Amino acid sequence: RVWYGHQFETAHADQRRAQLTALYQDADRSLLDQPPPLRAQYVWYGPREAALSEGHWQPDPDWRIAFQQGTVTLYALPQE
């Protein structure tokens, strides 16, 4: 499942896009604490996310890199 994908194919798209923007611009990770089944397992960081944060965003130290290629990194979040 994707938290936010395409604007017209994502339920509550405006709210979810705002939450993702806050994640990358303000390091607000509250959306990652949603109860199951919405709890995030991975965080995608690529060129668009870097542009949102102007390159200043940092992943949580507890996250591990699950995939990395070029300018894209997929982080796996610890699961409770």
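In this text the structure is predicted, and so the values were computed from the model without any measurement. For this chain, numbers begin at 1 and follow the sequence in order.
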Once the angle between the rings of W63 and Y75 is folded into 0 to 90°, is it parallel (under 30°), tilted (30 to 60°) or perpendicular (over 60°)?
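Taking Y75 first and then W63, their aromatic rings sit tilted (interplane angle of 30° to 60°).
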
Of the non-hydrogen atoms in [X] and [Y], which two are nearest, and what is the gap between them?
X: Y45; Y: S53; value: OH-OG, 3.4 Å
X: V2; Y: R16; value: O-NH1, 4.1 Å
X: L52; Y: Q25; value: O-CG, 3.0 Å

D60: what forms a side-chain hydrogen bond (donor to acceptor under 3.5 Å, both in side chains) with it, not counting sequence neighbours?
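Expected list: none.
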
For W3, give me all partners under side-chain hydrogen bond (donor to acceptor under 3.5 Å, both in side chains), at least two apart in sequence or on another chain.
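Testing W3 for side-chain hydrogen bond (donor to acceptor under 3.5 Å, both in side chains), a comparison that skips the adjacent residues, returns Q19.
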
If hydrophobic residues (ILVMFWY) are linked whenever their side-chain heavy atoms come closer than 4.5 Å, directly or via other members, who joins V72 in its cluster?
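Via sub-4.5 Å side-chain contacts, V72 links to Y42, W44, F67, L74.
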
Using the rule given for side chain to side chain contact (heavy atoms under 4.5 Å, CB included), can you reason through V43 versus Y24, listing the C-alpha separation, both sets of side-chain angles and the distance that settles it, and then say yes or no?
CA-CA 10 Å; V43 171; Y24 294 112; 3.5 Å; yes

Side-chain donor/acceptor of Q79 to backbone N/O of L77, under 3.5 Å:
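Checking the backbone N and O of L77 against the side chain of Q79, a donor-acceptor pair under 3.5 Å is found.
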
Nearest-0.5 Å distance that lies between atom OH in Y4 and atom OG1 in T10:
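Between atom OH of Y4 and atom OG1 of T10 there are 6.0 Å.
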
